[in-house]
**Q** 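This structure is in structure tokens; I'll ask about it shortly.
Everything numeric here is computed off the predicted structure, so don't read it as measured data. Side-chain atoms are counted along with the backbone in the values below, which use heavy atoms only and exclude waters and symmetry mates.
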Amino acid sequence: MAQQERGIRTRRAALEAAAALFAERGYEACTISEVLARAGVTKGALYFHFDSKESLARGVLEEQVSLEGVAPQASKLQEWVDVGMALAHRLPDEPLLRAGARLATDPHMQKLVSTGPWATWSDVSAQLLAEAKALGEVLPHVEPEATARFVISAWTGVLLVSQVTTGLTDLEEQISVLFRHILPALATPAILVQLDTSPDRGARVVAEGRRLKEEAAAVAAG
């Protein structure tokens, strides 16, 4: 068990070191030697988990798709908004997410990205929108898959502009603006007035998710 835990820690250290470097300098500029130095692990330990820089990048990208911290909601449209707002809250402070966003918008990473986080996020988003449609929360013309692809593209555009102009300090505010402009074209009037798209929604969603996780862990521990 101790050996397994060491392996998990080593893998995480390598991913976080690679992510920090990818976020700071981009994929092409980073070397395995720099990852080893920052992670504080041996080459053998690293290659046990990742056999190349591309493998490391793939590992970082796989970490992007997570609904961690997003509790299920009675309104699936609100849950869909919460996913986007929670990610906007987490991304500026989490190197793995920042690195993934940079990799996912790097033209040199198209081979990995085409089957990576954008495709998976599109599936997750489309599923939530389909559930919202089944509940009568969205207007009849809404096509879940097409809408998911469009909004993810718009979300990514907001991310890039925020990165360039403010270093992501206004990302939550701008994603809030994005949802406020898009939702009137998607939501039924009765649902629209109930949706929470406040800039601090992501922070509240993540805090609630952590509280529920801690409560579940306490119950499991007896």
**Q** Does some side-chain heavy atom of Trp155 sit less than 4.5 Å from a side-chain heavy atom of Leu87?
**A**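 SC-SC contact between Leu87 and Trp155 confirmed.
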**Q** Are Phe50 and Arg11 side-chain neighbours, meaning at least one heavy-atom pair lies under 4.5 Å?
**A**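 Heavy-atom side-chain distance check passes, below 4.5 Å.
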**Q** For a salt bridge (charged side-chain N to carboxylate O under 4.0 Å, His left out) check, start with the C-alpha distance between Arg12 and Glu16, then their side-chain angles and the critical distance, and finish with the verdict.
**A** CA-CA 6 Å; Arg12 192 69 182 180; Glu16 291 181 350; 3.3 Å; yes
**Q** Could you check whether any side-chain heavy atom of Leu36 comes within less than 4.5 Å of a side-chain heavy atom of Thr42, counting everything from C-beta outward?
**A**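 Contact flag for Leu36/Thr42 side chains = no.
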**Q** Quick check: do Val81 and Asp196 have side-chain heavy atoms less than 4.5 Å from each other?
**A**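 No; the side chains remain at least 4.5 Å from each other.
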**Q** Any side-chain heavy atom of Glu208 within less than 4.5 Å of one from Val205?
**A**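 Not touching, per the 4.5 Å side-chain cut-off.
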**Q** Looking at Pro72, is its backbone amide N or carbonyl O close enough to the side chain of Glu79 to form a donor-acceptor pair, meaning the two atoms are under 3.5 Å apart?
**A**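 Absent.
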**Q** Heavy atoms only: give me the nearest Leu128-Lys76 pair and the separation to one decimal.
**A**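 In this case the closest contact between Leu128 and Lys76 is O-CB, 3.8 Å.
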**Q** Closest approach of Phe22 and Ala57, non-hydrogen atoms and distance?
**A**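 The answer is CE1-CA, 3.8 Å.
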**Q** Side chains of Pro95 and Arg98: closer than 4.5 Å at any heavy-atom pair?
**A**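 Yes, their side chains come closer than 4.5 Å.
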**Q** Are the side chains of Thr188 and Val138 in touch, meaning some heavy atoms are under 4.5 Å apart?
**A**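 Sidechains of Val138 and Thr188: no contact.
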**Q** Between Ile32 and Leu56, what is the shortest heavy-atom contact and its length?
**A**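 Shortest heavy-atom separation between Ile32 and Leu56 comes out as CD1-CD1, 3.8 Å.
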**Q** Do we see a donor-acceptor contact under 3.5 Å between the side chains of Gln127 and Asp123?
**A**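 Short answer, no.
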**Q** Using a strict cut-off of less than 4.0 Å between a Lys/Arg side-chain nitrogen and an Asp/Glu carboxylate oxygen, indicate whether Arg210 and Glu214 qualify as a salt bridge.
**A**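 Looking at Arg210 and Glu214, the cut-off is not met.
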**Q** Looking at every non-hydrogen atom in both residues, tell me the closest pair between Leu77 and Ala187 and how far apart they are.
**A**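 Scanning both residues completely, I find the closest heavy atoms to be CD2-CB, 3.5 Å.
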**Q** Can you name the nearest heavy-atom pair linking Val142 to Leu186, along with the distance?
**A**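 That closest heavy-atom pairing would be CG2-O, 3.8 Å.
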**Q** Throw together a table of side-chain donor-acceptor distances under 3.5 angstrom for residues 171-180, partners on residues two or more places apart or in other chains.
**A**
unit_1	atom_1	unit_2	atom_2	d
Glu172	OE2	His89	ND1	3.1
Ser176	OG	Arg180	NH1	2.8
Ser176	OG	Thr197	O	2.5

**Q** Counting only N and O atoms by type, is there a donor-acceptor contact under 3.5 Å from the side chain of Ser198 to the main-chain atoms of Arg201?
**A**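 Answer holds: no.
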**Q** Measure across Pro92 and Leu168 and return the closest heavy-atom pair with its distance rounded to 0.1 Å.
**A**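 Smallest heavy-atom distance, with atoms named: CG-O, 3.9 Å.
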**Q** State which residues pass side chain to side chain donor-acceptor pair (under 3.5 Å) with Ser125; sequence neighbours excluded, sorted by chain then number.
**A**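 Checked Ser125 against side chain to side chain donor-acceptor pair (under 3.5 Å); matches are Trp80.
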**Q** To the nearest 0.5 Å, what is the distance between CG (Asp82) and CZ (Arg204)?
**A**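 If I round to the nearest 0.5 Å, the distance is 9.0 Å.
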**Q** Rounded to the nearest 0.5 Å, what separates atom CG in Leu135 from atom CD1 in Ile191?
**A**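 Spacing of CG (Leu135) from CD1 (Ile191) equals 8.5 Å.
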**Q** Does Lys53 use its side chain to pair, donor to acceptor, with the backbone of Cys30 at less than 3.5 Å?
**A**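 Yes: the side chain of Lys53 pairs with the backbone of Cys30.
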**Q** Test salt bridge (charged side-chain N to carboxylate O under 4.0 Å, His left out) on Glu215 and Arg211 and set out the steps.
**A** CA-CA 6 Å; Glu215 288 182 357; Arg211 184 186 67 79; 2.4 Å; yes
**Q** Determine whether more than 12 heavy atoms belonging to other residues, nucleotides or ligands lie under 6.0 Å from atom CD of Glu24.
**A**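 Counting other residues, nucleotides and ligands, CD of Glu24 exceeds 12 neighbours.
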**Q** Roughly how far apart are Arg58 CZ and Leu15 CG, rounded to 0.5 Å?
**A**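 Rounded to the nearest 0.5 Å, the CZ-CG separation comes to 13.0 Å.
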**Q** Tell me whether Phe150 shares a hydrophobic cluster with Val158, the cluster being built from Ile, Leu, Val, Met, Phe, Trp, Tyr side chains joined at under 4.5 Å.
**A**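 In one cluster: yes.
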**Q** Can you tell me how far the CG atom of Leu21 sits from the CZ atom of Arg38, to the nearest 0.5 Å?
**A**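 Nearest 0.5 Å value for the CG-CZ distance: 4.0 Å.
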